Amino acid sequence: MLVLYNTLTCSKEQFEADPTQPVTIYSCGPTVYDFAHIGNLRTFLFNDILARYLRYKGYKTHQVMNITDVDDKTIAGAQAEGISLQEFTRRYERYFFEDLEALRIEPAWKYPRATDHIAQMIELVQRLLDKKHAYERGGSVYFDISSWPAYGRLSGTQVDCCAVGGDFSRIDADEYDREQVQDFVLWKASKPDEPSWDSPWGKGRPGWHIECSALSMTYLGETLDIHTGAVDLVFPHHENEVAQSEAATGKPFCRFWLHPAHLVVEGQKMSKSLGNFYTLRDLLQRGHGPLAVRHQLLAAHYRHQLDFTEKSLQDSSQALQRLWDFADRLNSMAISDAHNQEVSEAVTNAVTDFEAAMDNDLNVPGATGAVFSLMGQVNPSLVDGNLSAQNRTEVNAFLRKADSVLGYISHTKKPLDEDIVVLIQEREQARADRDFQRADQIRDQLSDMGIILEDTPQGTHWRHADTVS
């Protein structure tokens with residue numbers, strides 16, 4: 001059974017859901033004011049792995065990821081460029097989806113924009129006012145933390161009710177420090193030159209926190225199965241979501257909260273000032289392939305910090321190249337008439353190990369280990385030609401199942417240029433004529449051209465030496 005670490009209870013719990021109904025997942029999405037950096041992408045990849053594995057387990061998923069296209073950052077960015085908010089945010093929204101596609105992140109069920117759901121946010125704010133969990137001041141509306149004794153249950157944040165509530169302590173910023181336990185804004189009164197919408201409290205715009213509650217309820221109902229987001233969102237964002245949602249509905253907001261950890265770069269916190277702040281485009285420009293980036297961002301368990309380094313990214317590229325070469329040889333080399341029972345047993349064990357790792361709180365490194373372990377066990381038989389057609393089918397079936405979760409195994413082998421094909425044929429003839437000096441010269445020439453040859457009893461296998469894509 002699938003076990004997940006639930007931030008709400010600080011423990012691993014067995015995940016169960018009605019198999020006849022979609023698993024409802026809300027994942028905090030991008031604020032579209034800049035390119036997503038690799039820390040953001042690690043979280044989005046975690047969301048992808050979660051949904052993929054739930055589908056692997058036979059569930060249908062309804063995953064919603066919001067697009068934050070109105071907040072302090074997006075407004076500031078649009079003003080700095082002197083363009084409309086929509087023109088500014090749609091550009092970075094497009095870049096976001098391009099990154100998802102490059103990394104083979106499967107689309108969520110819905111990607112609702114905040115600005116398309118202002119009416120739903122206003123309705124939710126009004127419910128909180130009607131239930132005396134919010135108050136209006138100067139055209140802005142704030143959540144009254146003192147009205148909600150359960151505040152802090154998700155994050156473990158301690159609340160001094162004497163220091164919050166009513167006229168004493170309010171905060172208008174969308175994002176703020178962990179130490180600031182204050183009444184948070186649900187609706188912001190309009191400011192000059194900022195986008196605004198009509199509301200019962202005058203013109204204004206929604207606060208960031210109310211966005212996710214309104215969107216999740218609109219598409220997934222009042223109680224979610226799973227909510228995800230980076231660990232830095234536990235407080236205040238997710239804590240505020242819980243408070244305003246449960247105060248409005250009187251129902252539990254979410255059963256499971258899952259939070260991926262941060263990454264560091266070369267052992268240091270990622271920072272533009274340190275020159276170690278990377279987007280996917282930065283890495284592609286440096287010659288790295290997107291699937292190598294995917295492999296590397298999945299190299300550590302999601303709740304553990306990942307140290308993203310140039311060396312580790314190169315290692316991921318080489319690991320993928322070995323895996324792809326294995327898959328190519330598996331489907332191109334001659335097979336034996338005799339069935340290899342040891343290979344069949346190795347495949348059965350690989351499936352068991354893969355699923356055991358994923359069932360244990362989505363242990364992707366363990367699942368990846370099962371794939372590479374099988375490759376190591378099958379390779380000798382593959383080289384010796386001791387695989388049957390059934391063996392090949394069994395290994396391919398496992399690779400397809402694993403790839404439905406991991407997302408980096410399937411690939412297209414780039415075709416050879418005609419001049420390279422001619423050289424390989426010439427080398428084969430030289431070997432047949434026992435002209436090994438000429439055969440070695442051609443091997444070296446091909447190596448300089450980026451083609452690596454491997455001679456086996458089943459024939460000569462070739463591969464590209466360049467970085468995987």
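Since this is a predicted model, take the numbers as computed values, not measurements. For reference, positions follow the sequence shown, starting with 1.
In summary, R153 and E239 do not engage in a salt bridge, as defined by a charged side-chain N under 4.0 Å from a carboxylate O. Comment: R286 does not engage D282 in a salt bridge, judged by the lack of any side-chain N to carboxylate O separation of less than 4.0 angstrom. K57 has no carboxylate O lying under 4.0 Å from a charged side-chain N of E355, or vice versa, which leaves the two without a salt bridge. Classification of R303 and D361 as a salt-bridged pair holds, one side-chain N sitting under 4.0 Å from a carboxylate O. We find that R281 and D99 are joined by a salt bridge, their nearest charged nitrogen and carboxylate oxygen being less than 4.0 Å apart.
Ring orientation note: the planes of Y151 and F235 are nearly perpendicular, at an angle over 60° on the 30°/60° scale. Between H227 and W257, the angle of the ring planes stays under 30°, which puts this pair in the parallel group of the 30/60° scheme.
One N or O on the side chain of N6 and one on the backbone of R255 form a donor-acceptor pair closer than 3.5 Å. Checking side-chain atoms of R104 against main-chain N and O of L291 turns up no donor-acceptor pair under 3.5 Å.
Using modelled atom types, one finds no donor on one side chain facing an acceptor on the other under 3.5 Å when comparing H117 with T218. In this structure, a donor-acceptor pair under 3.5 Å is absent between the side chains of T20 and Y59. Between the side chains of H37 and T279, no donor N or O sits under 3.5 Å from an acceptor N or O.
Applying the salt bridge (charged side-chain N to carboxylate O under 4.0 Å, His left out) definition to pairs two or more places apart or across chains, those involving residues 207-223 are R127-E222, E222-K251.
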